[in-house]
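This report refers to the structure that appears directly beneath it.
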Amino acid sequence: MTTISYTPQEVESWGCEDVLALLKVLEISDELIDFFHENDVNGSEFLKLDDTAIVEMNLSSSDQERIKKGLESIRGNEGKETNAESWQSDSDDDESSSNASSQQPISSSSSQASTRKMKTMSKKNDPLRVAARSKAVGDLAGSTVASGYLYKVGGSTLRFSKWKKRFFVLTDDNCLYYFKSPKELSALGMILLPSYTITPVTRSDNVSGKQFAFKAFNREHTGARTYYFACDNGDDMKKWMNVMSLASISFGSGKASMAKASSKPSTLTSDAEVEMGKLQRKASERAGGVDGDDEATKTNTAKSRGIVLPSYLKKSKSKHSSKGPLLTVVKLLDKEPLQLYTEPGTTGQDLLDQACTILKIEEKYYFGLSYYDSKGELDWVNLEKKILKQDIPRRSDFLELHFGVHFFPIDVTQVLQYSTLYQTFLSARASVMDGDLEVSNKDAFLLASLGLQATYGDFNPDKHSIGLLSKEELIPESNKDDIIRTSGLSVSNIAGFWAEEVLRVWKGLRGILRHLAVLKYMQIVQKHKQFAVRRFDVKNKKGTPLVLGVHPKGLFCFRLSNLYKPVVSFSWGECAELSYTDKKFSIQVHDKDVKTFSVYSARSKTCQRILDLCVGLHRLFVQDVQKWENAPRDFAIMRRKAAEMALREREGLKKEAKAASSKAKMIRQEEEKKRSVEQAPPKGEAPAEPQEKEEEKEQTQEEEQ
């Protein structure tokens with residue numbers, strides 16, 4: 001077994017990925033490595049393993065022996081100084097540190113020189129690199145998912161680094177190895193991708209010299225190193241980012257997260273829907289034992305199910321920890337459930353990306369995933385954190401989330417995709433029906449009819465009866481009460497009245513295409529001042545209850561007695577600084593003569609929600625002022641992809657418009673034919689006078705209008 005030179009102090013600070021690398025060095029079985037990864041065992045938890053806990057875990061005899069020897073070696077190094085290993089790596093990571101260590105210290109007792117020396121030693125003793133150096137390209141041939149040359153920034157910092165050409169191999173256990181060349185017998189390093197996020201580089205990264213560059217940053221540990229890669233062309237960059245991103249999502253824990261692809265990146269698919277299907281298939285297989293697993297997979301699964309957490313880890317782990325994918329039900333805005341699977345490493349952004357991919361939405365910034373916390377308050381999933389690490393209540397054996405509009409656009413005309421517009425329409429219609437947005441009785445009937453036009457298209461007497469409409473939620477309860485009070489209608493006759501009145505208005509919308517009905521609906525609701533206002537219960541310094549409203553255009557403060565006329569308002573352009581301290585939320589304006597406006601909430605978490613919402617809406621406000629010119633990189637990419645998707649949507653809308661036009665023409669011809677038959681005089685009766693025909697024509701036109 002490989003000699004272990006790590007001290008307990010070093011291992012104490014390790015994350016899960018370092019523990020997994022050590023297990024690879026100890027030649028532990030893949031089943032146990034998967035188990036440690038699924039339960040996110042870190043260095044401090046690993047050190048607490050004793051003989052009793054190892055026996056309790058129900059490990060194989062070989063794994064027990066190797067774990068014990070490894071722990072004995074680490075504990076035996078207690079108090080020893082960390083020494084660099086004798087091997088001299090040619091790794092990219094050594095470049096900047098070796099330069100630093102070659103400099104002579106000013107004095108032998110210099111703390112700066114000591115710190116520099118320790119950094120050099122720790123890099124050479126990195127467990128990831130110790131695990132990687134035992135691998136040759138040939139050793140990985142049977143598990144290779146993709147391989148090829150990439151450029152990589154050498155060194156752990158960008159200050160004195162340069163691009164180096166390296167041969168990379170991505171394996172089906174989501175490890176990315178890099179070598180000097182395909183003939184090398186020892187890897188320079190290894191990256192465990194499940195803890196990383198793959199994105200293109202931005203200006204703030206200060207990476208120059210390569211046009212097609214991207215990065216991998218650790219989404220779990222902010223202090224971890226960020227890796228920078230580059231390709232010779234845009235196609236290779238897209239394909240490498242795609243396959244590395246799929247590995248980083250890590251469906252199925254540490255084992256294969258995707259079907260094996262060709263060893264050449266050029267053969268990897270970039271179709272999001274195909275890859276999404278693969279991921280969901282893999283997750284569902286592991287969750288429910290779907291038929292089609294080969295014998296090896298079934299055997300491995302059976303073995304891994306025999307390993308159990310020791311009692312001390314069961315107490316320390318979150319109640320959300322799970323051995324396999326956890327079923328996550330995402331309720332869409334049309335009330336339809338969407339079943340996804342959440343791994344221990346799945347982030348909020350991963351789930352949102354899956355939902356948006358299924359809905360064919362590229363303008364993801366407007367949307368989010370919400371849930372009700374333990375206090376019964378609506379909260380939004382943190383997209384950067386792991387789902388299972390967040391305080392999301394679990395229902396028996398699944399999680400329930402709600403897909404919704406997090407940041408409403410200032411103007412619906414800014415939305416590029418019809419898919420995005422339709423989701424905002426569904427959210428706005430729910431606000432109207434729930435009474436969050438009060439409308440006049442006239443608008444209530446018009447909005448109900450536009451909603452039916454957007455959902456079903458033109459009214460068809462053969463399909464759309466009053467009985468069907470009576471089952472639909474058409475009119476808000478507040479409008480119903482007002483109509484009953486003012487019209488004198490009885491409760492027994494009121495249900496039929498709603499359906500008949502909405503039906504009458506709906507018939508008058510014939511010929512309006514569905515997407516235009518959605519647009520018209522949104523144009524009506526966004527004229528109301530209460531549209532898209534998120535309300536929070538707060539108090540002033542004297543303890544008077546107030547309501548703080550966050551709107552796409554600014555902040556409004558209302559009294560409980562009048563939620564339509566704000567006591568004070570602040571546009572985003574007026575706000576100089578927004579902040580909170582514990583339960584106190586403060587608004588500072590640019591005018592220094594105006595005192596800071598402060599309100600108080602019942603929980604500090606509420607202040608955090610208010611601030612997060614303000615920051616997200618303020619970003620949209622800035623882009624609206626600048627007419628989306630010189631937008632940040634994430635917005636620019638989103639708008640570009642949305643524009644491409646909108647062009648494809650437009651082709652479908654053109655076909656729909658053409659079909660609707662043909663159908664309308666046919667209906668007009670049938671009505672004219674029917675009308676001519678009805679207006680024909682009976683036999684033996686003189687034809688009507690021209691003046692009478694003209695009057696009938698005018699009457700018919702009035703009826704059609």
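Since we're looking at a predicted model, the values are computed, not measured.
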Show, in sequence, the C-alpha distance, side-chain angles and deciding distance for Y6 and L22, and conclude whether the side chain to side chain contact (heavy atoms under 4.5 Å, CB included) test is met.
CA-CA 10 Å; Y6 306 115; L22 176 63; 4.0 Å; yes

Tell me, with the steps shown, if R603 and D373 meet salt bridge (charged side-chain N to carboxylate O under 4.0 Å, His left out).
CA-CA 13 Å; R603 303 169 63 193; D373 63 12; 3.1 Å; yes

Yes or no on side chain to side chain contact (heavy atoms under 4.5 Å, CB included) for T199 and F214, after CA distance, side-chain angles and deciding distance?
CA-CA 6 Å; T199 61; F214 59 99; over 6 Å; no

Using ring pair (Phe, Tyr, Trp, His ring centres under 6.0 Å), reason through Y366 and F407 one step at a time and then give a plain yes or no.
CA-CA 5 Å; Y366 298 111; F407 307 116; 8.5 Å; no

Between L613 and H406, does a side chain to side chain contact (heavy atoms under 4.5 Å, CB included) hold up when you go through it step by step?
CA-CA 8 Å; L613 185 58; H406 194 182; 4.1 Å; yes

Report the C-alpha separation of L399 and L326 in whole Å, then their side-chain angles, then the decisive distance to 0.1 Å, and conclude whether the side chain to side chain contact (heavy atoms under 4.5 Å, CB included) test is met.
CA-CA 8 Å; L399 293 179; L326 177 64; 3.6 Å; yes

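At least one side-chain heavy atom of L351 sits under 4.5 Å from a side-chain heavy atom of L369. Annotation: side chain of F403 is in contact with side chain of C356 (closest heavy-atom distance under 4.5 Å). A heavy-atom distance below 4.5 Å is not found between the side chains of Y341 and T328. Looking at heavy atoms from C-beta onward, M638 lies out of side-chain contact with E362 at the 4.5 angstrom threshold. Residues I358 and L340 form a side-chain contact, since some pair of their non-hydrogen atoms from C-beta on lies under 4.5 Å apart. Taking the side chain as every heavy atom from C-beta outward, I67 and L23 approach each other to under 4.5 Å. Counting heavy atoms from C-beta outward, T171 and V145 have side chains that stay 4.5 Å or more apart. Looking at L401 and K331, their side chains never come closer than 4.5 Å, going by heavy atoms from C-beta outward.
Here the straight-line distance linking atom CD of Q354 with atom CG of L359 works out to 12.0 Å at 0.5 Å rounding. To the nearest 0.5 Å, atoms CG (D50) and CG (L71) are separated by 9.5 Å. Rounded to the nearest 0.5 angstrom, K215 NZ and M241 CE are separated by 10.5 Å. Summarising the geometry, atom OH belonging to Y365 is positioned 14.5 Å from atom OG1 belonging to T420; distances are rounded to the nearest 0.5 Å. A distance of 8.5 Å separates CG of L49 from CG of L47, quoted to the nearest 0.5 Å. Taking CD1 of I28 as the start and OG of S62 as the end, the distance is 7.5 Å to the nearest 0.5 Å.
Here the side chain of T342 pairs no donor or acceptor atom with the backbone of T346 at under 3.5 angstrom. A donor-acceptor pair under 3.5 Å is absent between the side-chain atoms of Q339 and the main chain of V330, judged by distance alone. Put simply, the side chain of Q390 gets close to the backbone of N382: a donor and an acceptor are under 3.5 Å apart. Judged by distance alone, the side chain of R609 and the main-chain N or O of W380 form no donor-acceptor pair under 3.5 Å.
When ring centroids are compared, Y196 and F217 stay outside the 6.0 Å threshold. Taking the ring centroids of Y149 and F167, they lie under the 6.0 Å cut-off.
Taking a cutoff of 4.0 Å between a charged side-chain nitrogen and a carboxylate oxygen, K69 and E65 qualify as a salt bridge. Salt-bridge formation is not detected for the pair E363/K641: no Lys NZ or Arg NE/NH1/NH2 atom is positioned less than 4.0 Å from an Asp or Glu carboxylate oxygen. For the pair D63 and K68, the salt-bridge criterion is not met [side-chain N within less than 4.0 Å of a carboxylate O]. Residues R639 and D634 are not paired through a salt bridge, judged by the lack of any N-O separation under 4.0 Å between the basic side chain and the carboxylate. Salt bridge annotation for D350-K386: absent, with no cationic side-chain nitrogen under 4.0 angstrom from a carboxylate oxygen.
In this structure E644 satisfies the salt bridge (charged side-chain N to carboxylate O under 4.0 Å, His left out) test together with R640, sequence neighbours excluded.
Relative to the ring axis of F179, R166 does not place its NZ or CZ within 45° and under 6.0 Å from the centre. Cation-pi contact between K210 and Y151: present, with separation from the ring centre below 6.0 Å and deviation from the ring axis of at most 45°.
Between S245 and I198, the closest heavy-atom pair is OG-CB, 3.4 Å. Between K364 and L352 the shortest heavy-atom distance is O-CD2, 4.2 Å. Minimum interatomic distance between L26 and G70 (heavy atoms only, all atoms of both residues): CD2-CA, 4.1 Å. Taking every heavy atom of both residues into account, A631 and F635 meet most closely at CB-CB, 4.0 Å. Shown here for L150 and C231, the closest heavy-atom pair between the two residues is CD2-SG, 3.2 Å. Contact between V19 and G43 at its shortest, heavy atoms only, is CG2-N, 3.6 Å.
Between F36 and F46, the angle of the ring planes goes over 60°, which puts this pair in the perpendicular group of the 30/60° scheme. Ring-plane geometry between Y227 and F229 is classed as parallel, the angle between the planes falling under 30 degrees on a 0 to 90 degree scale with a further cut at 60.
Under 3.5 Å, the side chains of S419 and E649 contain a donor-acceptor pair of N or O atoms.
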